[in-house]
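Input: one structure, supplied below.
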Amino acid sequence: MAKKGILLINLGSPRSTAVEDVKEYLDEFLMDEKVIDYRWIFRALLVRGIILNTRPAKSAEAYKTVWTDEGSPLIVITKKIRQKLQKLVDVPVEIGMRYAEPSIETGIRNLAEKGVTEIVLLPLYPQYAMSTTETVIEKAEEIRKKKFPHIKINYIQPFYHRDLYINCLAESIREKLPENFDALLFSYHGVPERHIYKTDPTKTCNMNDCCYKDTLPSHSFCYRHQCFNTTEQVIKKLGLPKDKVIVSFQSRLGKDKWIEPYTDYTLKTIPGKGIKNLAIVCPAFVSDCLETLEEISVEGKELFLEAGGENFNYIPCLNDEDRWIEVIRTLCEEQLNQFYLV
Ligand SMILES: C=CC1=C(C)c2cc3[nH]c(cc4nc(cc5[nH]c(cc1n2)c(C)c5CCC(=O)O)C(CCC(=O)O)=C4C)c(C)c3C=C
Ligand SMILES: [Fe+2]
Ligand SMILES: [Fe+2]
């Protein structure tokens, strides 16, 4: 009789805020060809020859500002999610990180040691991207084939369009929205435009109005569409008019063109357009992390206030909210049941 288990995957953080640990983490992250998709030699020249000379020290300083006694917020929150989910399901639950520790391999091994032979794996990313969902699945498959060939893995697909997730996100935002705000900004992690062209099997997305349309075959791999669609569904549930809502993309790296508009530019320009009281949410992240707690809540806030903004209200991620754990439970149970159908 097969034994089932659940593996939750998040991005991962450095082991500590020491520059050397941040460097090791950034090396693994940025040398992933699904993240910096250049040929190995050019990627190595860029990452090891340029980025890793200066970025680790800067990033280490940034990590210090968000680090807690228990460690990186992203890891701490993922562990809390695991604990809460474990109380709701009767199969073992483990976590794994795409980069650094506990790795995906550690997660699979922990399940294997409990006798699990069928794993439901949930990448904790609502929207598909080559640099998130795809790299997680590729890595997990590589490890499974090499080290655990007797184990089956069912991968949970991106869930940005699922009603249960949208209801959960909308309710979470509704509870935290300030009474008065001029606009609600949805800031998603960005990706280079090239990634979207590359993963579009239809080769029809032109990074234009097509991404806003309701249904197109290109959408199952268009991160830009999936972010707009998440926003549209959430604001419908919240009953917010479109003119009170802005979408932008944060955290770009390097000189390539990333999907626009950029969050930093948006934050600098909207006060001049009369938006002085801002609410901001980051739905590409299910758990708060460096990119929300430092880049948005500290740096982003500073940009907005310096440009004449008055109130900046950051709305935290779903983190370990009970309603979100229920969503995770349902997504996993759907797939646990799928094993019976194979
Ligand atoms: C939520 C989805 C994410 C996408 C898409 C994504 C793409 C992406 N990221 C980088 C470069 C960096 N990202 C960094 C941090 C970071 N990124 C995500 C998520 C996505 N990235 C998270 C959750 C985090 C925070 C990790 C944490 O420990 O809290 C960093 C490291 C931090 C820094 O030095 O600023 C880099 C670098 C690229 C290039 C990319 C798409 C190609
Ligand atoms: Fe990132
Ligand atoms: Fe698109």
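Indexing begins at 1, ligand by ligand and atom by atom, following the structure's order. All values below come from the heavy atoms of this structure, side chains included, with hydrogens, waters and symmetry mates left out.
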Write out the residue and atom name of the closest protein heavy atom to atom 20 (C) of ligand 1, then the distance separating them to 0.1 Å.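 Its nearest protein heavy-atom neighbour is His189 CD2, 3.2 Å.
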Aromatic contact between Phe221 and Tyr128, with the criterion being ring centroids under 6.0 Å apart: yes or no?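 Ring centroids of Phe221 and Tyr128 are less than 6.0 Å from each other.
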Evaluate the side-chain proximity of Arg98 to Asp32: yes if any heavy-atom separation is below 4.5 Å, no if none is. yes
Parallel, tilted or perpendicular: ring planes of Tyr223 versus Phe249, cut at 30 and 60 degrees: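 Ring orientation, 0 to 90° scale: tilted.
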Among Tyr25, Tyr99, Phe249, Phe285, which one has a heavy atom closest to atom 26 (C) of ligand 1? Tyr25
So, Glu118 and Lys3, do they make that salt bridge, N to O below 4.0 Å? no
With a 4.0 Å cut-off, would you call Lys198 and Asp37 a salt bridge?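 Asp37 and Lys198: salt-bridged.
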Ligand 1 versus Arg55, non-hydrogen atoms closer than 4.0 Å: side chain, backbone, both, neither? side chain
Considering only heavy atoms of Cys289, which atoms of ligand 1 have at least one such atom less than 4.0 Å away?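 Counting from 1, the qualifying ligand atoms are 23 (C), 25 (C), 29 (O).
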Within-cut-off N or O pair, His195 and ligand 1, under 3.5 Å: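 No; every N/O pair is 3.5 Å or more apart.
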Heavy-atom check, side chain of Ile77 versus side chain of Asp288, under 4.5 Å: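 Yes, close enough: below the 4.5 Å cut-off.
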Ion pair present between Asp182 and Lys276, side-chain N to carboxylate O less than 4.0 angstrom?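 Salt bridge between Asp182 and Lys276, a charged N being under 4.0 Å from a carboxylate O: no.
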Do me a favour and list the nearest non-hydrogen protein atom to atom 16 (C) of ligand 1 with residue, atom name and distance?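 Going atom by atom, the protein heavy atom closest to atom 16 (C) of ligand 1 ends up being Glu291 CG, 3.5 Å.
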Taking the Fe ion (ligand 3) as the center, what protein N, O or S atoms are found at less than 2.8 Å?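 Protein N, O or S atoms closer than 2.8 Å to the Fe ion (ligand 3): Cys205 SG, Cys211 SG, Cys222 SG.
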Please work out whether the ring planes of Phe159 and Tyr165 are parallel, tilted or perpendicular, with thresholds of 30° and 60°.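 Geometry flag for Tyr165 against Phe159: perpendicular rings.
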Can you say whether the rings of His189 and Phe285 are parallel (under 30°), tilted (30 to 60°) or perpendicular (over 60°)? tilted
Protein heavy-atom partner closest to atom 2 (C) of ligand 1 - residue, atom, separation in Å: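 Residue, atom and distance for the closest contact: Thr132 CG2, 3.6 Å.
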Determine whether Ile81 and Ile328 make a side-chain contact, defined as any pair of heavy atoms from C-beta on separated by less than 4.5 Å. yes
Knowing that exactly one of Asp320, Thr292, Asn10, Asn319 qualifies, which makes a side chain to side chain donor-acceptor pair (under 3.5 Å) with Ser287?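 Only one option passes, and that is Asn10.
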May I ask whether Lys34 places a heavy atom under 4.0 Å from ligand 1?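 So Lys34 does not count as touching ligand 1.
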Angle between ring planes, Tyr188 versus Phe186, binned at 30° and 60°: parallel, tilted or perpendicular?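 Geometry flag for Phe186 against Tyr188: parallel rings.
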Shortest protein heavy-atom distance from atom 1 (C) of ligand 1, along with the residue and atom involved: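 Going atom by atom, the protein heavy atom closest to atom 1 (C) of ligand 1 ends up being Ala284 O, 3.3 Å.
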Salt bridge flag under 4.0 Å for residues Lys146 and Glu141: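 No salt bridge links Lys146 with Glu141.
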State, yes or no, whether a side-chain contact exists between Lys4 and Val116 at a heavy-atom distance under 4.5 Å. no
Just jot down the ligand 1 atoms closer than 4.0 angstrom to any heavy atom of Val191, in number order.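 Per the distance check, 5 (C).
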Heavy-atom pairs closer than 4.0 Å: do any link ligand 1 to the side chain of Ser13, the backbone, both, or neither?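 It is both parts that get close, each with some atom under 4.0 Å.
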Taking non-hydrogen atoms only, is Lys58 closer than 4.0 angstrom to ligand 1 via side chain, backbone, both or neither? neither
One thing to verify: whether Arg15 and Glu24 come together as a salt bridge, which I'm taking to mean a side-chain N less than 4.0 angstrom from a carboxylate O. yes
Take every heavy atom of Ser251, measure it against each atom of ligand 1, and state whether any distance is under 4.0 Å. no
Going by heavy atoms, is Tyr188 under 4.0 Å from ligand 1?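 Outside the 4.0 Å threshold, so no.
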Starting from atom 29 (O) of ligand 1, locate the nearest protein heavy atom and write down its residue, its atom name and how far away it is, to 0.1 Å. Leu290 N, 3.0 Å
Is ligand 1 under 4.0 Å from a heavy atom in the side chain of Pro192, in the backbone, in both, or in neither? side chain
Go through ligand 1 atom by atom and flag the ones less than 4.0 Å from a non-hydrogen atom of Leu253. 39 (C)
Atoms in ligand 1 with a heavy atom of Leu74 nearer than 4.0 Å: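 Answer for ligand 1: 23 (C).
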Side-chain heavy-atom pair Ile296, Lys301 within 4.5 angstrom cut-off: no
Which residue and atom name correspond to the protein heavy atom nearest atom 14 (C) of ligand 1, and how close is it?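 The closest one turns out to be Phe29 CE1, 3.4 Å.
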Using 4.0 Å as the upper bound for N to carboxylate O, is an ion pair formed by Glu61 and Lys58? no
Quick one: nearest non-hydrogen protein atom to atom 34 (O) of ligand 1, plus distance? Ser59 OG, 2.5 Å
For Val35, which part has a heavy atom under 4.0 Å from ligand 1: side chain, backbone, both, or neither?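 The part of Val35 near ligand 1 is both the backbone and the side chain.
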May I ask you to check if ligand 1 and Trp258 share an N or O to N or O distance below 3.5 Å?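 Between Trp258 and ligand 1 (N or O atoms, distance only) the closest approach is not under 3.5 Å.
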Are Cys222 and Asp200 side-chain neighbours, meaning at least one heavy-atom pair lies under 4.5 Å?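 Counting from C-beta outward, Cys222 and Asp200 never come under 4.5 Å.
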Below 3.5 angstrom, do we get any N/O pair linking Ser72 and ligand 1? no
Between Glu105 and Lys147, does any NZ, NE, NH1 or NH2 come within less than 4.0 Å of an OD or OE carboxylate oxygen? yes
Would you mind listing which atoms of ligand 1 come within a distance below 4.0 Å of any non-hydrogen atom of Tyr63? 26 (C), 27 (C), 28 (O), 29 (O)
Could you tell me whether ligand 1 has any atom less than 4.0 Å away from a heavy atom of Gly12?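 Yes, that is the case, since the closest heavy atom of the residue is under 4.0 Å from the ligand.
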Atom 37 (C) of ligand 1: closest protein heavy atom, distance to 0.1 Å, is Leu26 CD2, 3.8 Å
